[in-house]
Each structure stands twice: as structure tokens, then as C-alpha cells.
Amino acid sequence: MLPVVVVHGGAGHIPKERSETAASGVCSAARAGYAVLRGGGSSMDAVVEAVSQLENNPSFNAGCGSVLNVKGEVEMDAIVMDGKTLGSGAVSAVRNIANPVQLARLVMDKTSHACLTAEGANQFAWAMGVPKVPEESLITEYSVMRWTKNLAPDANPVECQMGKMGTVGAVAVDSEGNIACATSTGGLLNKMVGRVGDTPCIGGGGYADNEAGAVSTTGHGEAIMKVTLARLILFHMEQGQSVEAASDLGLAYMKSRVGGLGGVVTVDPQGHWAARFSSLQMAWAAAQRDTLHYGLYAGEHVTQSIDNPH
């Protein structure tokens, strides 16, 4: 079964004209993560590589495609977690960085802390030699268009949010059975300055534990935080539920209890995996046993050979 990597490009409603870019984006990221695993890399290396690829793709709400806050600025959040040690690193409300997920990993590897925020996280980045990028390089025409549209007095931010592929993330198990997760986001469209969602919160945006599995989440951050969705799903798995059943139970609870929609990618220590969502769509892809799996709509599951895509 091992190794395996599963990625998501965010839950929501993906406009038709953007669905092809969403599918090809998650497929490339899954391939990149799987190449790391096939080369003997760790699950942590694989999820960071996969999520970095998605941050570098302007189609997704992370890195260079991040949505804008109410002032028209980019503030990003990210997390990584290592299932072997339960070590975690996260950053919130960071600016002028191309790959927040890589900074989250540095927080885990180079500090005794689990999360750094805003200015402090940026100062740490510069101290670590992370290049500072101009804010303009992270802002797309599409983000500006949606930001402007959303400033209208009659705009519905939650509805508008659904037109953008959301948060990105990945989970993986390597050939040694070590598990990891990574999640990264530009947050909520037209959010207040300094708003932080579920992504950098352990148990919300992600969780990884070699004894249970790993989850990376996407959806409405405030709802995910209230039910600690990632940890909730692993709790169901510890009770003996399969990856699919546990994922569905967690999402159903979030919907019934707080009215939140979202999606998850989940793996267990044996390499079983699932990509489940309660939103209209979620771009996802998985790579295992030299086969690529992907989909966008409920029930959609396409497979192809990793080495020969056509």
C-alpha cells in the first residue's frame, strides 16, 4: 500500500472555466509529492513539496493566488505536522513570502515553538534567509476582481468565497510508515485584517499521528475550528472507522452542528486514503502504487498511470 500522498486544492464551488486548471494543478502536486516518496524522501518532504507546488499555482487560494483581506492585502496561514513525533510548525497572517508552508516547516525544525504570527513570523523568515517577495507578486487579477466585487454593499462574502478554489493541503505516508500533513491558505475573501482561520491550528487545519493517520482540511475556517475537524476525524478512526466513514462523520457533524461545509483528505497508517467533501466540489488527487487518482465532483474518480498520463 505504501507510500501514498493525497492532496486537495480547496472545497467550494469551482466555476466551469477554472475546473480544468484546478484538476491539473492538484494532479501535478500529487505527482511531485509522489516523486519525493518514490525517491526515498520522507512523508514530511512529500507534503511540503506538494503544497509548495499549489502555493506556486495562481489558481489556488494560497501563496501567489491568495485572496485579499478587506484592505486589499495578502495575509497567509500554513501548518505542517509530523506524525512520528507530533512535532508541528505553523505561521499565521504572514506577508511577502512565496511559500508559507516552507516557513511553517522551519518553525517546526528550527524553533521550540509551534506557531509564529504576523510580524514575528516574518522577522523569523528573514532571519532564516527566506527571500522577501513583493506583495504584488502574490496578487492575481482574479483576486483583485473578486475583492472589488465583494466591496459592494450587497455582496455576500460567503457566496463569493465559493467561487475561488480554497485552502490547499496534503497528507502522506512514506515507505517507513511515517505520516505527515501540510495545509496552506490565503484565508477568507475580504476578511478583517489579522483574521486567522483554522489552517494554522493543530487539530483544525491538519493533524498527523503515526498511530492514527493524518487529515488536511479545507472549507469555512470558523466552522472547522469549532469542531476541530481534523482531530475529530482521527478520533473516529481510533474508534475503528474507515478513512471514508470517519471523514464523512466529521463533515456531517460540522454541517449539522455549525452549518459548515468543507472537505478533507485523509490517510491511515496502512495507506488507505480518502478525499471527501460536503461542499459542491473539491479538487483532489492521490498517488499510490504508480497510479494517479483524481476528481472534482462528488462520485468522480478518474485513474491513470503516473508515468504515462494518457
Side-chain angles (χ1 to χ4, degrees), residues 1-8 30 33-34 36-38 40-51 78-90 101 104-105 107-109 111-115 167 169-184 198-218 224-254 262-276 284 286-289 293:
M1 295 288 285
L2 306 178
V4 57
V5 60
V6 198
V7 306
H8 68 74
Y34 193 65
V36 170
L37 294 172
R38 264 213 300 208
S42 69
S43 51
M44 179 58 69
D45 293 336
V47 293
V48 169
E49 177 59 34
V51 170
I79 191 170
V80 297
M81 189 162 179
D82 175 350
K84 187 178 184 179
T85 60
L86 301 189
S88 183
V101 73
R105 184 173 188 177
V107 171
M108 179 180 73
D109 289 343
T111 79
S112 58
H113 304 314
C115 185
T167 300
V171 291
V173 193
D174 59 32
S175 46
E176 291 181 10
N178 289 319
I179 298 178
C181 73
T183 311
S184 178
D198 66 292
T199 296
C201 301
I202 294 177
Y207 201 87
D209 181 351
N210 277 12
E211 292 176 19
V215 181
S216 170
T217 66
T218 167
I224 292 171
M225 291 164 102
K226 288 169 189 170
V227 301
T228 54
L229 183 60
R231 193 64 191 83
L232 177 63
I233 288 168
L234 289 175
F235 165 77
H236 285 303
M237 285 161 62
E238 287 164 340
Q239 305 300 305
Q241 298 286 350
S242 69
V243 281
E244 287 92 352
S247 301
D248 289 346
L249 281 165
L251 288 165
Y253 178 73
M254 181 169 81
V264 296
V265 289
T266 308
V267 286
D268 72 10
Q270 287 71 49
H272 302 109
W273 59 271
R276 310 293 289 177
W284 64 270
Q288 185 177 43
R289 290 176 169 161
H293 307 254

Exercise. Within a strict 4.5 Å, meaning less than it, do heavy atoms of the V215 and C181 side chains meet?
Worked result: no

For this session: Over all heavy atoms of both residues, which pair between G33 and V5 is shortest? Give the atoms and the distance, please.
Result: C-CG1, 4.1 Å

For this session: Output yes when a side-chain donor or acceptor of Y207 lies under 3.5 Å from a complementary backbone atom of L86, and no otherwise.
Result: no

For this session: Give a yes or no answer on whether the side chain of D174 reaches the backbone of S42 with a donor-acceptor pair at less than 3.5 Å.
Result: no

For this session: Compare every heavy atom of P200 with every heavy atom of A90, then report the nearest pair and how far apart it is.
Result: CB-O, 3.3 Å

For this session: Check whether any side-chain heavy atom of V171 lies under 4.5 Å from a side-chain heavy atom of T266, and answer yes or no.
Result: no

Taking distance alone, no hydrogens or angles, what donor-acceptor pairs closer than 3.5 Å link side-chain atoms of residues 225-236 to residues at least two apart or in another chain?
from, atom 1, to, atom 2, distance (Å)
R231, NH2, E238, OE1, 3.4
R231, NH2, E238, OE2, 3.1

Problem set entry | Partner set under side-chain hydrogen bond (donor to acceptor under 3.5 Å, both in side chains) for S88, not counting sequence neighbours | none

Exercise. Residues in side chain to side chain contact (heavy atoms under 4.5 Å, CB included) with S175, at least two apart?
Worked result: none

Exercise. Do I79 and I202 come within less than 4.5 Å of each other through their side chains, counting heavy atoms only?
Worked result: yes

For this session: For E176, check salt bridge (Lys or Arg N to Asp or Glu O under 4.0 Å) against everything at least two apart and list the hits.
Result: none

Seminar exercise, completed: Correct closest heavy-atom pair for A212 and P269 would be O-CD, 3.2 Å

For this session: Identify the residue among T218, T167, T217 that makes a side-chain contact (heavy atoms from CB on, under 4.5 Å) with D198.
Result: T217

Exercise. Do you know the tightest heavy-atom contact between H272 and V243?
Worked result: O-CG1, 3.7 Å

Exercise. Residues two or more places apart in sequence or in another chain: which of them pass side chain to side chain contact (heavy atoms under 4.5 Å, CB included) with E211?
Worked result: D209

Exercise. Tell me, do N178 and N210 make a side-chain contact under 4.5 Å, heavy atoms counted?
Worked result: yes

For this session: Can you measure from CE (M81) to CE (M44) and round to the nearest 0.5 angstrom?
Result: 9.0 Å

Exercise. Which value, rounded to the nearest 0.5 Å, describes the distance between Q270 atom CD and L2 atom CG?
Worked result: 8.0 Å

Problem set entry | Under the ring pair (Phe, Tyr, Trp, His ring centres under 6.0 Å) test, residues paired with H293 that sit two or more places apart | W273, H301

For this session: With side-chain contact (heavy atoms from CB on, under 4.5 Å) as the test, would you mind laying out the steps for L251 and V264 before giving the verdict?
Result: CA-CA 8 Å; L251 288 165; V264 296; 4.2 Å; yes

Exercise. With sequence neighbours left out, what residues match S216 under side-chain hydrogen bond (donor to acceptor under 3.5 Å, both in side chains)?
Worked result: H8, T183

Problem set entry | Counterpart residues, side chain to side chain contact (heavy atoms under 4.5 Å, CB included), relative to A46 (two or more places apart) | V36, L37, A172

Exercise. S242: what forms a side chain to side chain contact (heavy atoms under 4.5 Å, CB included) with it, not counting sequence neighbours?
Worked result: E244, A245

Problem set entry | Test: R105 and D82 ion pair at under 4.0 Å | no

Seminar exercise, completed: The salt bridge (Lys or Arg N to Asp or Glu O under 4.0 Å) partners of R276 (sequence neighbours excluded) come to D248

